[in-house]
Structure formats: C-alpha cells, structure tokens
Number of protein chains: 2
Amino acid sequence: MMEGLTINEAARTTGWSARMLRYVEQTGLVSPARSASGYRLYGPAQLQRLRTLKELLARFDVGLSDVAFAARMAENRDLRDAVQSWLEAEARRPEEVGPEDWLRFEQEKHEKLLAAA
Amino acid sequence: MMEGLTINEAARTTGWSARMLRYVEQTGLVSPARSASGYRLYGPAQLQRLRTLKELLARFDVGLSDVAFAARMAENRDLRDAVQSWLEAEARRPEEVGPEDWLRFEQEKHEKLLAAA
DNA sequence: TCAACCTTACCACGACATTGTCAAGGTTCT
DNA sequence: AGAACCTTGACAATGTCGTGGTAAGGTTGA
C-alpha cells in the first residue's frame with residue numbers, strides 16, 4: 001500500500017538521518033506525502049531533492065537556514081525586492097551621479113520599498 | 001579633519017549601538033572608511049545604508065546573517081545558480097513532463113550544476 | 001499476538017548569532 | 001595635561017541551528 005519510502009528507508013537512500021528528515025520537513029524545504037495513518041511517504045522527486053539538497057549544502061558550506069531564507073525570498077516579492085535593492089546600492093558607484101543626488105536617490109528608493117505595509 | 005561621523009555619532013543618528021556597528025562591519029555589510037589613526041568614519045552613504053538596513057531587518061524579521069547570505073549569493077554566481085535551480089524544482093509541476101522524464105531531467109540538471117569544481 | 005516499524009514531544013549539547021560590558025591602551029581637542 | 005573620545009580583544013548572557021537521543025503510544029505485517 002505504501003506509495004513511497006518510509007522515513008528510515010528514505011534516510012538510508014539519501015544519506016540523511018531520519019531525525020534530519022523531520023527537521024528538513026520542519027524548515028519547509030522537503031515535505032513528503034503522508035499515509036492515511038500519518039506515516040511520511042517519500043516519492044522519487046522528494047528523494048532526489050533530498051540528495052541534491054545535501055550536495056548543495058556540502059558543496060558551498062551553507063546551512064539549511066540559508067536555503068530556507070532563499071526560499072522565503074523566492075516566494076515573497078516584497079522581501080526579495082527590498083533585499084536586492086539594498087544590496088544593489090552597495091555595488092553602485094557614487095560617481096555615476098553627484099554624491100548629493102546619489103544619496104537622495106537611495107533614500108527615496110528605500111522609502112518606497114519599505115513604505116508599503 | 002574628520003571626513004565623516006565617528007562610531008558613536010553614527011550610532012546616535014542611525015539607531016544602532018556602537019557595538020553593533022562594529023558587528024555589522026564584521027559581517028561585511030557596511031564598512032566605513034578609516035582615519036589615519038584608525039578611527040571609523042561613516043559618510044552619508046554608509047549612514048543611509050545603516051538606516052535602511054535596520055528598517056529591512058525589522059520589517060521582515062530577518063537577521064544580519066540572512067542579508068549576509070543574500071550578499072554572498074549576489075556575489076557568487078555558482079552559489080546563486082545552484083540555489084535557484086534547486087528552488088525552481090519545487091515550483092515545477094511534474095505533470096508538464098512524464099514523471100520519469102521529470103526525474104531524469106532534474107537529476108541531470110543538478111549533476112551539471114554541482115559537478116564543476 | 002508480537003516484533004519492527006511509525007508518530008509526536010521532549011531533553012541535551014556544541015556551534016554560531018546577537019548584544020552588552022569591561023579592560024588596556026592610543027587619539028583629539030581645549 | 002586631562003577629559004572625552006577611539007581602537008581591539010575578551011568574557012558573558014541569551015537565542016537559534018543542527019543533531020542526536022529517549023519516552024509514550026499508534027500501525028503493520030508475518
């Protein structure tokens with residue numbers, strides 16, 4: 001009846017511990033289906049995502065919380081725009097405009113981005 | 001001689017504590033210039049960035065480490081591409097292609113992205 | 001029925017994030 | 001010179017992250 005692997009089976013084939021699979025689910029990054037009685041059921045897509053997630057974390061030495069934040073930015077346009085525009089200000093060269101105009105420009109831009117409720 | 005505000009002056013006009021201004025600098029998000037004798041000198045641009053950063057953190061309840069990670073993604077193309085493609089897999093509907101093709105597609109995509117040293 | 005699973009809910013621990021404060025010593029300004 | 005700054009470095013308290021356990025109880029399959 002099982003439409004996918006149970007948590008310990010999934011753990012064995014992905015390299016995560018069962019404990020961490022529950023934790024990953026808690027972060028919202030990989031959520032398996034559930035059987036009628038509440039058992040977690042990992043399908044091929046979830047298993048693949050778990051494997052590549054593990055690779056991603058190890059390869060760039062990032063944390064689950066980092067990827068979770070990236071996911072939050074991907075879902076929330078306001079957050080993404082606010083963060084990106086804040087970061088862009090850093091790269092921009094003040095020489096492109098007069099220092100005064102530059103500051104006013106930045107100020108107005110952020111006021112707009114942060115103003116909306 | 002001071003080409004900008006010293007740390008306590010900057011603290012007063014931005015709402016951060018002097019302690020936190022040093023910490024923010026440590027995260028690499030806002031780095032003031034230095035006087036010949038090593039004093040931190042905050043110019044108008046830095047002050048504005050500090051104010052908007054504070055707004056950003058409070059408004060979306062994110063941490064400095066989150067913004068620091070966003071900065072890292074903005075700077076590192078490999079990291080950005082790897083994270084984004086991992087996240088995109090979540091949104092994609094397996095119905096667009098057959099389940100088999102879908103899985104193979106995902107597998108190959110991530111192999112490529114994670115393969116490069 | 002009973003072993004072998006599964007669930008949620010806790011406790012714990014080390015590492016890191018966020019702040020504050022304090023000490024020892026250099027700089028600035030009057 | 002001396003008050004009022006600044007610097008780095010360190011210790012500390014609290015909180016979250018990542019991870020492993022353990023306990024009490026439900027599910028499954030031989």
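A quick note: this is a predicted structure, and the numbers were derived from the prediction, not measured. Per chain, numbering begins at 1; letters A, B, ... match sequence-line order.
As a whole-Å value, the separation of B:F69 CZ from C:dC16 P is 17 Å. Regarding A:I7, its CD1 atom lies at a distance of 16 Å from the C1' atom of D:dG26, rounded to whole Å. At whole-Å resolution of the value, CG in B:L64 and C1' in D:dG15 are 14 Å apart. Summarising the geometry, the separation between CZ on B:R12 and C1' on D:dC5 is reported as 10 Å, rounded to the nearest angstrom. The interatomic distance linking B:L5 (CG) with D:dC5 (C1') rounds to 14 Å, in whole Å. Rounded to whole Å, atom C1' of D:dC5 lies 14 Å from atom CZ of B:R40. B:E9 has its CD atom 9 Å from the C1' atom of D:dC5, to the nearest Å.
Note on residues 21-42 of chain A: pairs passing salt bridge (Lys or Arg N to Asp or Glu O under 4.0 Å), not counting sequence neighbours, are A:E25-A:R34, A:E25-A:R40.
With sequence neighbours left out, the side-chain contact (heavy atoms from CB on, under 4.5 Å) criterion links B:Q84 to B:R80, B:E88. Shown here are the side-chain contact (heavy atoms from CB on, under 4.5 Å) partners of B:A11, two or more places apart in sequence or in another chain: B:L21. Under the rule for a side-chain contact (heavy atoms from CB on, under 4.5 Å), the partners of A:T13 that lie at least two apart in sequence or sit in another chain are A:L5, A:L47, A:R51.
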In B/S/- notation, 5' to 3', how is nucleotides 20-27 of chain C contacted by protein heavy atoms closer than 4.0 Å? BB----BB
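Here the side chains of A:D66 and B:V83 are not in contact, with every heavy-atom distance at 4.5 Å or above. Taking 4.5 Å as the limit, every side-chain heavy atom of A:W16 sits out of range of all side-chain heavy atoms of A:V30. You'll find the side chain of B:Q46 stays beyond 4.5 Å of the side chain of B:L41, heavy atoms only.
Between B:E55 and B:T52, the side chains place no donor N or O within less than 3.5 Å of an acceptor N or O (distance only, hydrogens not considered).
Contacts between residues 21-28 of chain A and DNA chain D, defined by a heavy-atom separation below 4.0 Å, involve A:Y23, listed by number.
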